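Single-structure report; data block below.
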Amino acid sequence: MDYQFKDIEQKWQQFWADNQTFKADNNSVKPKYYVLDMFPYPSGAGLHVGHPLGYIASDIFSRYKRLKGFNVLHPMGYDSFGLPAEQYAIQTGQHPAITTEANIATYRRQLDQLGFSFDWSREVRTSSPGYYKWTQWIFMQLFNSWYDKATDKAESIEKLAAHFDQYGSAGVDAVSDEEVLSFTADEWKAYTKEEQQAELLKYRLTYLRESTVNWCPALGTVLANDEVKDGFSERGGYPVEQKKMRQWSMRITAYAERLLQGLDTIDWPEPLKEMQRNWIGKSIGASVRFQMSAPPKPSPEGRAFNKVSPTGGDLEGAIEVFTTRVDTIFGVTFLVLAPEHELVCELTTPEQKAEVDAYIAQSKKKSELDRMADTKTVSGAFTGSYVINPVNNEKVPLYIADYVLAGYGTGAVMAVPSGDQRDYLFAKHFGLPIVPIMDIQHIETEADPTKEGRYINSDFMNGLNYKEGTAKVISFLEEKGAGKAKVNFRMRDAIFGRQRYWGEPVPVYFKDDLPYLIDEKDLPLVLPEVDKYLPTETGEPPLARASNWKYHPAPSKSPPVGETYPTHQAGNYRETADPVYYEQLKEFSRDNRNQPTEAENILWQLLRNNQTGYKIRRQHAISQFIADFVCLEKGLVIELDGHHHKLNKEADDARTEILNYFGFEVIRFDNDEVLKFPQKVFEEIKQKLTSLPERISPTQPSPLVSGRASEITAGEAKVSPAGGDLEGAGGYAYEHSTMPGWAGSSWYWYRYMDSNNDKEFASEKAIEYWKDVDLYIGGSEHATGHLLYSRFWNKFLKDMNLVVEEEPFKKLINQGMIQGRSSFVYRLTLQDENLSQSHYFLSKGQAKKWEISETFGQELLDEWKINFIIKSYEGNPQRLAFGPLHVDVNIVNNDILNIEKFRAWRPEYKDAVLILEDGSISSPTGGGREGAYICGVEVEKMSKSKFNVINPDDIIERYGADTLRMYEMFLGPLEQSKPWNTNGIEGVFKFLRKFWRLFHDEQWNFSLSDAAASKAELKSLHKIIRKVEEDVERFSFNTSVSSFMIAVNELTDLKCNKRAILQDLVVVLSSYAPHICEELWVLLGNQPGSLSYAPYPTFNPEYLIEDEFAYPISINGKTKINLNLSLSLEAAAIEAAVIGSAEVQKYLDGKTPKKVIVVKGRIVNIVL
RNA sequence: GCUCAGAUGGUGGAACUGGUAGACACGCAGGACUUAAAAUCCUGUUCCCGUUAAAGGAGUGCGGGUUCGAUUCCCGCUCUGAGUACCA
């Protein structure tokens, strides 16, 4: 039979799924190899032809490595929390979980169609509680850690607290907030618990801080720096403003140096490393303190000008600056503070106050955008104060200006106008002196930042060079206590939270306005249900809408917890400890709500709409349970028990007890009771409700912008049925923001190692075996987001001894983007009017003529008498123009428009008149002429709006997955961006048919010969065996495809149908085109499924040895002829043979060559 | 502005450490088969000059250089793409 790709591909995809062919084993004697694709977000649009590019490459690599005897881990999953599903939820009210589920289904179907060898048994989803339990767990570890600079690693926060207990804050060298307290051990112990917690929070690796964030009002959330482009949100393009908010942050800056150093140890593309280096932005310089020239007056607020510097030590009335050119300090003629600098107010003299205030007001008004666009204008204001330059005791004026950023360094600079262009402009503008400090400096028109030459005007540095000078001035400053060498990083701590619904809840609750972790056994903290996915009216995040979503720490005395309490077997209970079980329960529970039991339905009809006088909710979450019915007002839970209750009595009783602790009454009815006497049950409930005291109303949403409510007021505390005071019985407010998009993806490669483990994020054994990712393939857009955060978390986990490698991704490859290739038609329009009704379209060449020729328009009109236009253009062809319009690429073939399909494409093109490339006209009435309509072409992003999206489903339908896989590779080098053009795909398809044909006779019967292979056949085979090895190892997949074509062309010419050759060829090709090869493998008589683990054929160089070579003979470097010579000849013999040859003599023209270069086996060059 | 990557036929691209530039594929042209078309197969296809063939010349963004020999190495420039931007 001819090559029936559809049947073959379906058959093998089914086989692989049924037999779990690609399941990776965590116990193997084989060497491990971990191939990973960057975590996809399952978007609603599904895959376009560009998405699988990296997956195909990684799949080829994985399959190849299996053939080479490696135990390959090649997993796939979904980064399934994210904005699009949430935006959709806001618009439609559909729960993002449902949208996500549907999107994943589409994604999975499309991935399956491509024949990838993923181990699907390890699939993960960041949005499933079984996964995010561990994301929350890692968050807890970060919360419980601080960074000790002395050991250069993260340590337990308990260790720090113990140190405080024993020694106070002395001797702590930590990465922390700027304003930490100094205290003795006794002072520490005298602090209240709250004060201690507040202090520890300043050290934790994840912490709350008032910070300036990119707030996007339209999206109602905070964005990361890399999600903001030019003052607008990357997604959606909404304006972004700066806003102060209390936010969770991650102390990634603690790892800045390690993140930088680590880059030298990993095999990543240089541009990517460079991006990370820039992002980390290390600069080596010095901090210098400039003393105030006069003691500052006490500030109006009464705050003494006496604070601790960011680097420690008392400032005692000095301004600290950071500089990378401390050697230029003798050139300092003024100091500049950022307008936001906290000392500005105090340092401003009364005379200057008006001017400074005006400037601050003005710069505040400027948006980030304006400030960026306007880098030329010099602005600033004099504070009236002066500082003393520590090296020469000169008095230097103090200014403020918005070219100094509050967030970098110390928010203050020493200005050296001779060496820095911004300082230079500023000095010119304000008439400040410009002092040259280098003998070769040219500062007539602009600053000269040179480091060459010798110092002048620099006192003790005069005559020294840059290196000597820098060392000398630093030691001078250190001696004087006025400065020291310092390293500064541009990178800021990462904000870790969004005011959004669809993300991981932060496992934190608040007590006395301080954050505390929930108990580890209460993980996962499950995302609560909300009525709307929007912020509350008071501006709190959507999670604040979850009614009665409060944390109830386990009671301190004899809790009815333990193994028995959570082990319910029925679906009514939300069970939090076992994520796998929870998943089942969730489904069960959803079904329950959709298909309630008859009893529930009957009772609900009686309870709904305040018929009891009180509001009743059904299937409502209380803590980790879902109650059948609940009245929150009165604290009454109504449970209906089916038959399972009897089996579960013990657990249910435990549950009742806990609910009691939390101040709920529980009454139970069984189903039969409700079915038989519904009215009686109703009356009983009503009575019970009336008899119960009013429960205190739920807490008001907190007015705090930080996105959390304050905890329960004291009055809400309940007394337990057992007596005794129950602290926080009403529950503590949870954190209401959720984790950012990068949380779940910052550790996922470890989950794949052991994805079904419910005891740990991955077992020690699994991590010890798989270690790290050997090959990571993905786009470079994640350079400063995912890839940086992942390295950060990995280093932290390493510090915690939870993982074994310092770097998670040893080798990384960026696949290029596949761009769209848009097609255009050119419609005639009037230049000054929007003439959208025009039916006239010019072919590309005609449109071009119009562009170059002034009279062409007239000629065109005369020749074709376009009446409609004549009417509109009023005889003036100058008013006519043509506008390019996107046209669906699916109705264009080789740039030729399918005119019929075009007219049918949209109603407004029904009557289109097309002026074809050859000048003839195609009108709907007159029928088509000979000519073709040529479309214009442009390379753009692939997107629906540009009508240039190619869906892989369509390609697979026409040519099959094997063809698509090979074609995507054939397109060009993996790393390069390139436009998609379906035109070449025929060639690949033909190749596969040709390959298939090698195994078949004229009548398409499978037919092979067992004869011995000829020399030429073996040569072809071994050429490709070696070529594919070389190519795959260096990720040059496109060249292998070409070589496969060459091999098959050669074997076809040789009429080779020998098993000895073709069986090996099947193995070699199988990583590229797995389906067709599996089919042939079985036809060859092998066990189905064994191909994936067959040994890769061994290359034998003997088959490639030639005894003759056609030497190219060049004269003066230009090749003239080829000469066949034996390869056994040595250089001298070759030279003699070449010079002696009649053909060469012809070129020599009787002359004697000046020189003859002979490279054996390569070339002969004769120099005349 | 700075940093990085790239530029080869009509198109995608190949040439791995300096050694026959344009492999392989698309497209195009011509031919075979066919009543015809599709499909398939064969031949040609960097450009210029040349009736064909032979022979010749030019040629890897542009201008120089090193070398017997440069797409490859060096210097300067142009263009394209990406990242980043008052970072002290």
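This one's a predicted model, so the numbers in the text were calculated from it and none came from an experiment. So that the names make sense, note that chain A is the first sequence line, chain B the second, and so on, each numbered from 1.
- Distances from the side chain of A:Met275 to the nucleotides B:G69, B:C86, B:G83 place B:G83 closest.
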Practice task
Would you write the dot-bracket representation of RNA chain B, where each base gets (, ), [, ], | or . depending on whether it forms a Watson-Crick or G-U pair under 3.5 Å and with which partner?
Solution key: (((((((..(((......[....)))((((((.......))))))(((.......)))..(((((..]....))))))))))))....
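- For A:Phe334 and A:Phe426, the ring centers are positioned less than 6.0 Å apart.
- Checked against the 6.0 Å centroid criterion, the rings of A:Phe991 and A:Trp996 do not qualify as a close aromatic pair.
- No more than 12 heavy atoms of other residues, nucleotides or ligands sit less than 6.0 Å from atom CZ of A:Arg958.
- Between the P atoms of B:G31 and B:U51, the separation comes to 23 Å (whole Å).
- Checking B:G69, B:C86, B:U3 against the side-chain heavy atoms of A:Asp402 singles out B:C86 as nearest.
- Of all nucleotides listed (B:A88, B:A15, B:U20), B:A88 comes nearest to the side chain of A:Val413.
- When the side chain to side chain donor-acceptor pair (under 3.5 Å) test is applied to A:Gln276, the partners found at least two apart in sequence or on another chain are A:Arg791.
- Phosphate proximity of B:C87 to A:Arg422: present, with a side-chain N or O under 4.0 Å from OP1 or OP2.
- Each of B:C68, B:U20, B:U40 was ranked by its minimum atom distance to the side chain of A:Arg993; first place goes to B:U40.
- Classification of the A:His786-A:His782 ring pair by plane angle, with boundaries at 30° and 60°, yields perpendicular.
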Nucleotide N/O of nucleotides 71-74 of chain B paired with protein N/O under 3.5 Å:
none

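- Donor-acceptor pairing under 3.5 Å, judged by distance alone, is absent between the side chain of A:Asn983 and the base of B:C26.
- Across the C1' atoms, B:A21 and B:G69 are found 14 Å apart, a figure rounded to whole Å.
- Between A:Thr328 and B:A88, a side-chain N or O to OP1/OP2 separation shorter than 4.0 Å is absent.
- With sequence neighbours left out, A:Ala1073 forms a side-chain contact (heavy atoms from CB on, under 4.5 Å) with A:Asp962, A:Met966, A:Leu992, A:Leu1069, A:Ile1076.
- Looking at the side chain of A:Lys990, the nearest of the listed nucleotides B:U20, B:C87, B:U40 is B:U40.
- Relative ring orientation between A:Phe989 and A:Phe5 is described as perpendicular, the plane-to-plane angle rising above 60° on a 0-90° scale split at 30° and 60°.
- Across B:C87, B:C68, B:C24, the shortest atom-to-atom separation from the side chain of A:Leu405 is found for B:C87.
- Under the salt bridge (charged side-chain N to carboxylate O under 4.0 Å, His left out) criterion, the residue pairs touching residues 1031-1041 of chain A are A:Lys1027-A:Asp1031, A:Asp1031-A:Arg1034, with sequence neighbours excluded.
- Base orientation of B:G9: syn, since the glycosidic angle falls within 90° of 0.
- Judged by the 6.0 Å and 45° rule, A:Arg821 forms no cation-pi pair with A:Trp980.
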Handout entry: Verdict with reasoning, A:Lys273 to A:Asp264, per salt bridge (Lys or Arg N to Asp or Glu O under 4.0 Å)
Key = CA-CA 9 Å; A:Lys273 291 199 206 179; A:Asp264 297 334; 5.6 Å; no
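- Of the candidate nucleotides B:A85, B:A88, B:C4, B:A88 has the atom nearest to the side chain of A:Phe322.
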Contacts under 3.5 Å, N or O only, protein and nucleotides 9-14 of chain B:
{"residue": "B:G12", "atom": "O2'", "partner": "A:Leu971", "partner atom": "O", "Å": "2.5"}
{"residue": "B:G13", "atom": "O3'", "partner": "A:Asn1038", "partner atom": "ND2", "Å": "3.4"}
{"residue": "B:A14", "atom": "OP1", "partner": "A:Asn1038", "partner atom": "ND2", "Å": "2.9"}

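- Within 4.0 Å (heavy atoms only), A:Ile1157 reaches at least one base atom of the nucleic acid.
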